[in-house]
**Q** 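Dropping the structure in here first, questions after.
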2 protein chains.
Amino acid sequence: MKPANSKKECPVKYTINILSGKWKLKTLWELQGNECIRFNELRRRIEGISNVALKRALLELEEDGIIKRVQYDEVPPKVEYSLTEKGRSLNSAFLEMIKWANTYDSNTYSLEEILEVKKFL
Amino acid sequence: MKPANSKKECPVKYTINILSGKWKLKTLWELQGNECIRFNELRRRIEGISNVALKRALLELEEDGIIKRVQYDEVPPKVEYSLTEKGRSLNSAFLEMIKWANTYDSNTYSLEEILEVKKFL
DNA sequence: CAGGATCCAGCCAGATACTG
DNA sequence: CAGTATCTGGCTGGATCCTG
């Protein structure tokens with residue numbers, strides 16, 4: 001899931017590498033709708049994820065510059081995650097992927113659902 | 001790499017699932033430029049791939065309806081692989097991914113390289 | 001030529017327990 | 001609250017040998 005340092009083999013790979021991984025997209029998806037969000041809140045929203053898995057996903061996304069982590073030195077600890085400009089700029093790619101999926105995926109999405117998604121894009 | 005049967009969690013996931021895997025994109029990439037291509041020819045073009053790995057990639061892409069496998073009953077055996085309409089229609093999504101990667105990837109692609117790629121899209 | 005059959009290593013991801 | 005540390009099983013992907 002790490003190596004976004006693809007060696008010019010195929011430019012699409014850079015994008016795929018960053019987005020591949022069990023929880024990456026779900027995490028990104030939750031961040032799309034919100035300005036910023038705290039660790040446990042994110043954890044609650046992503047059904048079935050463990051703290052370890054969430055931390056791993058967030059760390060990799062942060063290393064790839066997709067999300068931003070802001071830590072407040074308070075007790076109890078407080079950390080907020082949000083999308084970077086780079087993260088937000090994935091939108092046009094997302095839209096194309098959604099359109100493609102919507103054409104071919106057997107369990108398709110209703111028009112309302114697509115529009116619901118687009119709201120955040 | 002299999003489950004393209006994402007459960008409406010996130011429509012982007014359907015696309016990512018299909019394209020994820022060590023050799024999927026490279027294989028797809030080779031198929032983009034050619035009408036159809038035989039197994040060993042493909043194997044020769046994709047540096048470092050084994051017959052097992054190639055077969056796996058091709059099988060999964062075929063199961064997902066991205067490529068078409070045509071077997072001629074001859075001796076010696078002859079099998080040709082090509083993109084389906086579904087496979088070709090991934091192009092617009094590819095283009096967006098390339099544009100995004102080109103903006104942010106540190107080892108960027110020259111304009112000529114992008115155009116070279118676009119030729120096939 | 002185009003794979004099939006095995007076997008095997010590594011790492012990916014989950015579960016659990018613990019902490020500043 | 002927001003993690004870290006550790007153990008573990010399973011699956012992905014590779015190597016090798018074999019065949020219609």
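Computed from a predicted structure; not experimentally measured. Residue numbering restarts at 1 for every chain, and letters A, B, ... go by the order of the sequence lines.
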**Q** Without decimals, in angstroms, what is the distance between B:Leu54 CG and D:dT16 C1'?
**A** 17 Å
**Q** Tell me if a side-chain donor or acceptor on A:Thr84 pairs with a main-chain N or O of A:Ile66 at a distance below 3.5 Å.
**A** yes
**Q** Specify the separation, in whole Å, of atom NZ of B:Lys26 and atom P of D:dG13.
**A**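 After rounding, the reported distance stands at 13 Å.
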**Q** Taking 4.0 Å as the cut-off, does a side-chain nitrogen or oxygen of A:Tyr81 come that near to OP1 or OP2 on D:dG3?
**A**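 Checking A:Tyr81 against D:dG3: at least one side-chain N or O falls below 4.0 Å of OP1 or OP2.
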**Q** Once each nucleotide of nucleotides 15-20 of chain C is scored for protein heavy atoms under 4.0 Å, what B/S/- sequence comes out, 5' to 3'?
**A** BBB--B
**Q** Please report, rounded to the nearest Å, how far the P atom of C:dG3 is from the CD atom of B:Glu74.
**A** 13 Å
**Q** Can you tell me the distance, in whole Å, between the NZ atom of B:Lys55 and the C1' atom of D:dG13?
**A**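 It works out to 16 Å between those atoms.
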**Q** With side-chain contact (heavy atoms from CB on, under 4.5 Å) as the criterion, how do B:Arg69 and B:Val79 come out once you've worked through the C-alpha distance, each side chain's angles and the decisive distance to 0.1 Å?
**A** CA-CA 7 Å; B:Arg69 192 191 108 109; B:Val79 178; 3.6 Å; yes
**Q** Is it true that A:Glu60 and A:Lys24 make a salt bridge, defined as a side-chain N closer than 4.0 Å to a carboxylate O?
**A** yes
**Q** Take the protein atom CG of B:Asp73 and the nucleotide atom P of C:dC1, then report the distance between them rounded to whole Å.
**A**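 Spelled out: CG on B:Asp73 to P on C:dC1 is 18 Å.
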**Q** Please determine whether a side-chain nitrogen or oxygen atom of A:Lys78 lies at a distance below 4.0 Å from atom OP1 or OP2 of D:dC1.
**A**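 Looking at the OP1 and OP2 atoms of D:dC1, neither is under 4.0 Å from any side-chain N or O of A:Lys78.
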**Q** Determine to 10° how strongly the helix from C:dC1-D:dG20 to C:dG20-D:dC1 is bent, judged from the axes of its five-pair ends.
**A**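 Comparing the first five pairs with the last five, the axes sit 50° apart.
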**Q** Check step by step if side-chain contact (heavy atoms from CB on, under 4.5 Å) holds for B:Tyr81 and B:Leu61.
**A** CA-CA 11 Å; B:Tyr81 294 92; B:Leu61 287 170; over 6 Å; no
**Q** Rounding to an integer number of Å, can you tell me how far A:Glu60 CD sits from D:dG3 P?
**A** 15 Å
**Q** Hey, is CD on B:Glu35 packed in by over 12 heavy atoms from elsewhere, all under 6.0 Å?
**A** no
**Q** With a 4.0 Å cutoff (strictly under), does any side-chain N or O of A:Trp23 reach OP1 or OP2 of C:dG14?
**A** yes
**Q** Just wondering, are more than 12 heavy atoms of other shown residues or ligands nearer than 6.0 Å to CD in B:Glu47?
**A**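 For B:Glu47, atom CD is not crowded (no more than 12 foreign heavy atoms under 6.0 Å).
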**Q** Given B:Ser92 and A:Trp100, is the side chain to side chain donor-acceptor pair (under 3.5 Å) satisfied, shown in steps?
**A** CA-CA 9 Å; B:Ser92 38; A:Trp100 185 79; over 6 Å; no
**Q** Taking 4.0 angstrom as the limit, do B:Glu41 and B:Arg44 come out as a salt bridge?
**A**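 Salt bridge flag = yes for B:Arg44 with B:Glu41.
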**Q** Should we count NZ of B:Lys86 as having more than 12 external heavy atoms under 6.0 Å?
**A**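 For B:Lys86, atom NZ is crowded (more than 12 foreign heavy atoms under 6.0 Å).
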**Q** Can you tell me if A:Lys68 has over 12 outside heavy atoms packed within less than 6.0 Å of its NZ?
**A** no
**Q** Whole angstrom is fine here: how far is it from CD1 in B:Ile46 over to P in D:dG13?
**A**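 So the two atoms are 14 Å apart, to the nearest Å.
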**Q** Give the intermediate values and the outcome of side-chain contact (heavy atoms from CB on, under 4.5 Å) for residues A:Leu90 and A:Thr15.
**A** CA-CA 9 Å; A:Leu90 264 172; A:Thr15 311; 4.2 Å; yes
**Q** Looking at DNA chain D, which of residues 37-45 of chain A put a heavy atom within less than 4.0 Å of it?
**A** A:Arg38, A:Phe39, A:Asn40
**Q** What integer distance in Å separates B:Gln71:CD from D:dG20:C1'?
**A** 11 Å
